[in-house]
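Have a look at the structure below before the remarks.
Just so it is clear: chains get the letters A, B, ... in the order the sequence lines come, proteins before strands, and each one is counted from 1.
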Amino acid sequence: MTEYEMVRKAGVQRTVIRSVAALIGMFAFAFALVPLYDVFCRITGLNGKVDTTAQAIVHEEVDQSRYVTVQFITRGSAGLPWQMSVATRQMRVHPGQAAEVEFTFTNNSHQESWGRAVPSVSPSNATAHVRKVSCFCFQEQLLQGDERLTVPLVFQLSRDLPEEINTITLVYTLYPVHNMAMGASVNNNNTLGDEI
Amino acid sequence: MAPKLPPQHSLQQSSTAVAGGQSHHEHHAQPKGIMRWLLTTNHKEIGSLYLIFSLVMFFIGGIFALVVRAELFQPGLQLVEPEFFNQMTTMHGLIMVFAAVMPAFTGLANWMIPLQIGAPDMALPRLNNFSFWLLPVAFILLLSTLLMPGGGPNFGWTFYAPLSTTYAPPSTTFFILALHIAGISSILGAINIIATILNMRAPGMRMMDMPLFVWTWLITAFLLIAVMPVLAGVITMMLMDINFGTSFFDAAGGGDPVLFQHLFWFFGHPEVYIMILPAFGIVSAIIPTFARKRLFGYASMVYATAAIALLSFLVWAHHMFVVGLPLTAELFFMYSTMLIAVPTGVKVFNWVTTLFRGSISFEPPMLFALAFVVLFTIGGFSGLMLAIAPADFQYHDTYFVVAHFHYVLVPGAIFAIMAGVYYWLPKWTGHYPHERLAQCHFWCSVVGVNLTFFPMHFAGLAGMPRRIPDYALQFADFNMLSSIGAFFFGVSQLIFVLVVVLCVKGGKKAPAKAWEGAEDLEWSVPSPAPLHTFETPPVFHRTHPSE
């Protein structure tokens with residue numbers, strides 16, 4: 001092998017090693033994007049993702065000068081024989097004022113099942129200003145066969161809600177909870193939401 | 001398209017050694033029949049395999065498109081069930097993107113890059129063989145899903161979750177596996193091309209001396225290495241969501257379907273440039289040849305290509321203007337998308353300026369290259385319209401989008417591939433393609449393409465949605481025109497096959513320098529190119545002082 005060929009071969013090896021390193025890096029980057037995206041959305045409130053932990057009521061002066069309309073939308077999901085309804089479709093609150101609204105879950109089947117209501121807020125720049133004090137959406141729910149359960153949502157809009165927002169929509173979508181996700185929070189996992 | 005083998009090589013095996021070392025290797029008897037093609041490590045033979053595979057897949061994907069167009073010939077449901085219609089639109093997209101356009105460019109790269117840089121073969125010949133033979137495996141697997149219970153993929157080539165996870169047919173796991181294999185093939189091909197270009201150039205050839213086809217492929221290969229792993233990551237997440245109970249894209253478990261779209265288009269937008277940059281390279285070789293002038297602005301072509309590649313990482317969310325992006329993001333992606341028009345405009349300007357006061361002749365490769373410049377620019381303009389975020393709310397998911405990306409892919413990528421095939425056929429076979437037949441193919445293709453895709457602009461602006469087997473009555477005339485055009489275009493591609501077959505079998509003999517104005521290194525080897533070329537590196541003479 002001539003010197004020219006040796007140099008060439010070493011060059012090819014170096015290129016291949018660097019390319020493979022770049023490949024592995026990009027594959028890892030794709031997976032790293034998942035938590036990064038989540039963090040990004042939570043910090044900016046994009047995508048309507050709200051905190052799923054309870055927050056304390058902040059006692060601040062209620063802004064009597066303005067009203068904000070809060071709308072509630074509930075949606076069912078394939079694979080869960082539940083119905084979800086809300087006591088009032090919309091209400092008007094002042095920023096800073098704590099409000100309560102009742103949601104009713106009905107299990108239409110004769111078997112117990114687990115489900116979860118996943119919240120979303122629109123417009124997304126209101127997300128950070130919706131303070132949930134108590135919400136059924138913080139954890140999975142268990143409903144016995146034919147059970148009917150009424151649970152409250154207590155929330156407060158912060159006073160620094162941007163001026164241009166005068167309507168906020170809260171959407172709750174019901175999802176069945178699968179075996180996999182349940183392991184940690186259930187002791188008797190005999191009947192669970194069926195797979196779609 | 002198989003290379004003509006000179007007799008003295010017919011009993012020798014092409015080298016399996018790393019390039020540069022083969023002259024010291026003993027030659028074994030060359031395997032005969034199918035084993036010869038299964039085991040070949042010769043860049044020309046593998047290039048031919050890629051091109052033949054791509055042509056076969058082009059027709060399979062084309063038949064799927066014709067099923068779609070036949071159903072859309074009239075409003076109402078006539079020929080196929082809506083479920084099957086969805087499988088046809090999906091498979092048409094997947095096959096054309098991953099099995100027709102990408103392997104065709106890889107095939108051209110295999111054939112031409114070693115010849116254009118004066119290398120004896122690709123840097124990693126055995127890897128080259130492996131990356132080709134992964135492709136038939138991947139796409140036989142993908143096509144077989146059509147026969148499985150529940151049918152093949154039916155969620156569009158973009159396979160948005162949850163359509164492709166929660167609501168997907170059971171065959172989706174096979175689809176994921178097929179895409180993984182095809183992705184590995186592309187990645188290995190890209191590594192090989194980068195290793196070849198960076199290390200195997202003839203002594204004296206600097207980076208800025210390389211022909212533009214080599215340059216554009218180098219940049220494309222970098223794009224492939226950057227984004228194919230992201231695609232692999234996305235489909236792995238889908239696989240886990242479907243089979244292992246994770247919730248990457250499932251809101252019930254804390255995931256997010258919009259995340260899928262972000263990840264997909266982070267791959268998907270560079271992917272569309274992967275399908276067009278090598279086309280720029282081919283056209284940049286053909287236009288100077290038949291205008292008998294040096295390419296205007298060589299250096300600016302290189303920088304424009306690199307700029308397009310870099311910008312392609314910053315524009316992905318223009319595919320997602322309607323998912324509910326915040327205003328800042330809409331503006332950012334709108335402006336960054338429009339910015340891409342600048343380097344693209346530089347390229348179109350350079351091609352037109354190369355033609356200016358040139359001594360132009362209209363051989364078949366030049367016809368296709370000129371049609372490329374005009375029709376690709378039309379596709380670019382409709383892309384600019386789509387880039388306007390507020391207007392996109394109207395255009396999104398309509399036939400206007402279909403018209404746009406078919407204008408950049410059919411008379412863009414496919415015409416460039418055909419131009420390249422006509423341009424290099426004399427080098428591959430030693431014969432010129434039949435001029436009259438090739439002209440006939442060209443004019444049928446141009447009429448067919450425009451008849452098929454131009455009316456789609458109007459149907460889309462009037463609000464006709466994509467991927468729906470039925471439509472409102474007011475779209476009937478546009479769709480009938482499109483369907484007639486599609487069948488005309490499809491049938492006229494048989495002329496292309498005829499020209500290629502005739503050219504392999506015989507025809508007017510071509511000299512080493514088959515075209516009068518052609519300057520690059522590949523024209524210094526005999527036509528047809530012998531199986532082994534540049535076993536001793538050629539001396540590279542700079543034909544023009546580069547800037």
Side-chain angles (χ1 to χ4, degrees), chain A residues 1-2 4-16 18-34 37-38 40-41 44-49 52 77-80 115-120 122-125 140 173-181 193 195-196, chain B residues 17-21 23-24 119 123-124 127 162 166-167 187-188 190-192 194-201 203 221-222 224-234 236-237 244-256 258-259 262-263 266-267 323-329 537:
Chain A
M1 210 182 272
T2 64
Y4 172 69
E5 283 162 348
M6 303 264 283
V7 170
R8 227 183 208 183
K9 197 175 173 185
V12 169
Q13 264 172 5
R14 196 170 52 239
T15 312
V16 170
R18 285 179 188 170
S19 306
V20 171
L23 277 177
I24 295 168
M26 285 308 290
F27 190 72
F29 176 66
F31 280 88
L33 280 173
V34 178
Y37 175 80
D38 221 40
F40 185 77
C41 286
T44 56
L46 291 180
N47 238 10
K49 284 199 177 186
T52 48
S77 159
L80 191 64
R116 177 170 192 163
V118 175
S120 174
S122 175
S124 58
N125 52 344
E140 295 89 3
T173 311
L174 272 175
Y175 287 100
V177 177
H178 304 313
N179 299 6
M180 287 287 193
E195 291 272 346
I196 301 163
Chain B
V18 182
S23 46
H24 304 282
L124 307 154
L127 193 71
T166 314
Y167 305 103
I187 287 171
L188 297 181
I191 293 181
N192 208 345
I194 292 178
T196 307
I197 297 174
L198 293 186
N199 301 297
M200 309 274 289
R201 295 192 308 279
F222 277 117
L224 278 167
I225 287 196
V227 300
M228 290 314 274
V230 177
L231 174 71
V234 178
T236 307
M237 290 175 205
F244 306 126
T246 57
S247 310
F248 286 103
F249 308 127
D250 184 4
D256 193 333
V258 177
L259 172 65
H262 281 291
L263 287 175
F266 187 79
F267 147 79
V323 298
L325 295 177
L327 184 64
T328 338

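- Heavy-atom pairs under 4.5 Å with chain A were tallied for B:T196, B:V227, B:V230; the largest tally goes to B:V230.
- The contact between B:L198 and chain A is made entirely by side chain atoms (from C-beta outward), counting heavy-atom distances below 4.5 Å.
- Interface residue B:P203: backbone and side-chain heavy atoms are both found under 4.5 Å from chain A.
- No side-chain donor-acceptor contact under 3.5 Å links B:D250 and B:T166.
- Residues that satisfy the ring-ring contact (aromatic ring centres under 6.0 Å, His included) test with B:F267, not counting sequence neighbours, are B:F264.
- Residue B:I225 touches chain A through both its backbone and its side chain, counting heavy-atom pairs closer than 4.5 Å.
- The shortest distance between side-chain heavy atoms of B:L259 and B:F249 falls below 4.5 Å.
- Relative orientation of the B:F248 and A:F31 rings is perpendicular, given thresholds of 30° and 60° on the angle between their planes.
- Considering only residues two or more places apart in sequence or on other chains, B:S247 meets the side-chain hydrogen bond (donor to acceptor under 3.5 Å, both in side chains) condition with none of them.
- Both the backbone and the side chain of A:V34 come within less than 4.5 Å of a heavy atom of chain B.
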